[in-house]
Amino acid sequence: MKVNLKIVRSQRRLSNLFRGILSDNPVLVGGMALPFLVVPAVSLQNGVALFCAMLLIHLPTVLVLFFLRKFLPDWSRVMVIPVVASLFLIVAYYGIQPLSPYISDSLGIYFSLLPACSMIFAGCSHMLEERKPALGKTLLRNLCNVIGFGLVACIVGGIREFFGTGTLWGRPMGLSGISSFQMAFAGFLLVGFLAVGARLLHRLVLRLGGGVPKKLLKEAAREVPKHD
Amino acid sequence: MIDALAQFFLVTLGAVFLQNALFTQGLGAERTLIKQPPSQVLRLGATLTLVMVISSILSWLVNRLLLRFPLARSYMRSILFILCIAVTYLSLYWLSKKYASKLLFPVGRELIISASSCVVLGTLLLAAHENMTFFNTIGMGIGAGAGYTMALLVITEGRDRLALLNVPKVFRGLPITLLYLGLLSLAICGLAGHQLPI
């Protein structure tokens with residue numbers, strides 16, 4: 001079957017825009033930002049707080065570095081990224097306060113550790129290495145990565161809180177928890193099994209759709225250009 | 001004097017085993033996913049320990065100054081500690097450029113990885129959180145660097161052995177490494193004397 005590659009490429013371009021949320025998830029596929037899921041993500045509230053804090057730090061950092069990129073020598077990037085990110089820590093601190101007055105204590109040193117997150121490094125480095133980065137695409141790609149991270153943080157936090165303390169968002173669920181779920185090793189094991197689940201889901205999607213919808217393939221086959 | 005020395009060794013050994021940066025705090029876990037030979041791990045560990053010790057000295061001084069201003073919040077500490085790491089990185093970068101030919105091994109790449117790793121910042125924040133003395137802070141830095149290097153070597157060896165086994169396809173790579181990390185973390189938890197509360 002001959003396929004019109006233009007239609008397939010435009011469909012792939014559309015799906016590539018939202019990479020980072022499910023496919024190419026920065027945590028479950030890239031293995032980034034693991035410390036924040038292993039230790040502080042022990043409740044759903046902490047998971048949501050981590051997502052909000054990451055959003056308030058990551059995107060403004062990318063935005064500032066986008067405009068400063070022409071003035072930064074290569075050797076200085078490794079330190080400018082966390083310094084710029086740490087300036088937005090103040091914004092993130094006040095941004096997560098509405099969740100709970102004790103939320104920053106609950107996150108501990110990991111809140112202050114966010115500027116050194118590998119996901120922020122990777123996102124900013126990727127943008128700085130591009131010859132002509134587009135602001136919209138860069139922000140969308142990083143937003144998808146943060147949403148993907150937030151999704152995993154909420155799932156991990158929710159599962160650990162539910163099975164660890166028998167509550168969800170502080171509300172009792174009628175289950176006596178196993179407090180081993182709150183320890184670091186449980187975080188590693190849970191993220192490992194979630195990574196397996198993400199792979200299985202990806203394989204299922206590929207097997208069902210093959211990456212390109214069948215309807216699109218049929219339409220493409222009908223529009224094959226004629227060459228003389 | 002002897003008490004201070006005993007405290008120093010206790011803190012150092014504690015940072016290597018019981019409060020290991022990787023197994024108990026999860027810091028620097030991303031580095032375990034990259035395939036690297038043991039020689040490279042040792043070079044990275046040596047550079048990271050050096051960055052950690054120098055940054056510990058600077059951060060202790062900064063923390064002492066911050067204690068005089070009670071209104072300074074935890075985020076101010078983080079910003080200033082990152083600046084301490086930046087100063088350490090720039091100094092070592094300049095020194096390595098100037099004396100590159102006389103160095104035991106090239107430190108360029110390892111220096112970048114060490115300075116950008118959350119292990120360094122995490123250790124400094126932990127030491128400040130526990131209000132450690134000057135020598136204990138340096139001991140924490142040495143112990144955390146040595147403990148992280150040891151952990152990386154164990155993980156590297158474990159990954160090489162796992163590669164020889166018939167691991168199911170969905171578990172290969174990231175998932176099996178995380179499961180291996182989790183089991184080692186459980187072992188360290190037992191070594192520290194924690195009992196699994198069920």
Side-chain angles (χ1 to χ4, degrees), chain A residues 27-40 75-83 85-87 89-90 92-93 104-105 108-119 121-122 125 178-180 182-200 203, chain B residues 23-34 73-83 85-87 89-90 93 97 111-113 115-122 125-126 128-129 168-171 173-189 194 196-198:
Chain A
V27 181
L28 300 179
V29 178
M32 291 189 265
L34 287 172
F36 303 96
L37 297 172
V38 164
V39 178
W75 55 266
S76 69
R77 282 179 194 172
V78 71
M79 285 329 305
V80 170
I81 294 171
V83 169
S86 63
L87 296 173
L89 210 54
I90 305 165
Y93 179 82
S104 54
D105 293 329
I109 63 157
Y110 291 85
F111 174 75
S112 305
L113 211 49
L114 279 166
C117 177
S118 52
M119 202 171 80
F121 262 108
S125 301
I178 305 170
S179 46
S180 307
Q182 307 274 299
M183 300 174 90
F185 75 88
F188 280 120
L189 295 174
L190 186 57
V191 176
F193 281 115
L194 280 176
V196 172
R199 273 195 192 172
L200 287 171
R203 285 186 181 189
Chain B
F23 295 133
T24 59
Q25 315 289 341
L27 300 171
E30 300 90 352
R31 202 73 214 151
T32 60
L33 305 170
I34 297 167
R73 307 281 189 132
S74 55
Y75 49 79
M76 284 301 299
R77 188 179 275 156
S78 178
I79 295 168
L80 292 170
F81 282 7
I82 288 173
L83 287 172
I85 299 170
V87 165
Y89 164 74
L90 290 171
Y93 179 81
K97 281 285 174 192
L111 193 58
I112 292 170
I113 296 167
S116 58
S117 173
C118 59
V119 182
V120 180
L121 182 60
L125 289 168
L126 271 170
H129 184 69
K169 269 190 185 175
V170 285
F171 278 89
L174 172 66
I176 197 72
T177 308
L178 286 175
L179 294 181
Y180 182 51
L181 265 169
L183 291 172
L184 284 173
S185 175
L186 179 60
I188 294 289
C189 184
H194 295 296
L196 278 186
I198 295 172

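Since the model is a prediction, treat every value here as computed from it, not as a measurement. Quick note on labels: first sequence line is chain A, next is B, and so on, each numbered from 1.
Note on B:Ser185, B:Ser117, B:Ala128: by heavy-atom pairs under 4.5 Å with chain A, the leading option is B:Ser185. Of the listed residues (A:Ala198, A:Pro35, A:Ala184, A:Gly197), the greatest number of heavy-atom pairs within a distance under 4.5 Å of chain B belongs to A:Pro35. With respect to chain A, the highest number of heavy-atom pairs below 4.5 Å among B:Gly173, B:Ala187, B:Gly28, B:Cys118 belongs to B:Cys118. Of the listed residues (B:Leu121, B:Leu181, B:Leu178), the greatest number of heavy-atom pairs within a distance under 4.5 Å of chain A belongs to B:Leu178. Highest contact tally toward chain B, considering only A:Leu113, A:Val83, A:Leu34, A:Ile81, is held by A:Leu113 [criterion: heavy-atom pairs under 4.5 Å]. Each of A:Val29, A:Val38, A:Leu189 has some count of heavy-atom pairs under 4.5 Å with chain B, and the biggest count is that of A:Leu189.
A:Val80 does not touch chain B: none of its heavy atoms, backbone or side chain, sits under 4.5 Å away. Only the backbone of B:Phe23 has a heavy atom closer than 4.5 Å to any heavy atom of chain A. Heavy atoms of B:Leu184 lying under 4.5 Å from chain A are absent altogether. Proximity to chain B is absent for every atom of A:Ala85, based on heavy atoms less than 4.5 angstrom apart. Looking at B:Ile82, both its backbone and its side chain come within 4.5 Å of chain A, counting heavy atoms on both sides. Residue contact with chain B, scored on non-hydrogen atoms closer than 4.5 Å, involves the backbone of A:Leu28 exclusively. In this structure, the portion of B:Tyr93 lying under 4.5 Å from any heavy atom of chain A is its side chain and not its backbone. Only the side chain of B:Leu33 has a heavy atom closer than 4.5 Å to any heavy atom of chain A. With a threshold of 4.5 angstrom between heavy atoms, B:Ser116 approaches chain A through its backbone and through its side chain. The contact between A:Val39 and chain B is made entirely by side chain atoms (from C-beta outward), counting heavy-atom distances below 4.5 Å.
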*Please walk me through it: do B:Leu27 and A:Tyr110 pass side chain to side chain contact (heavy atoms under 4.5 Å, CB included)?*
CA-CA 10 Å; B:Leu27 300 171; A:Tyr110 291 85; 4.1 Å; yes
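Taken to the nearest 0.5 Å, the CD1 atom of B:Ile112 stands 10.5 Å off from the CZ atom of A:Phe121.
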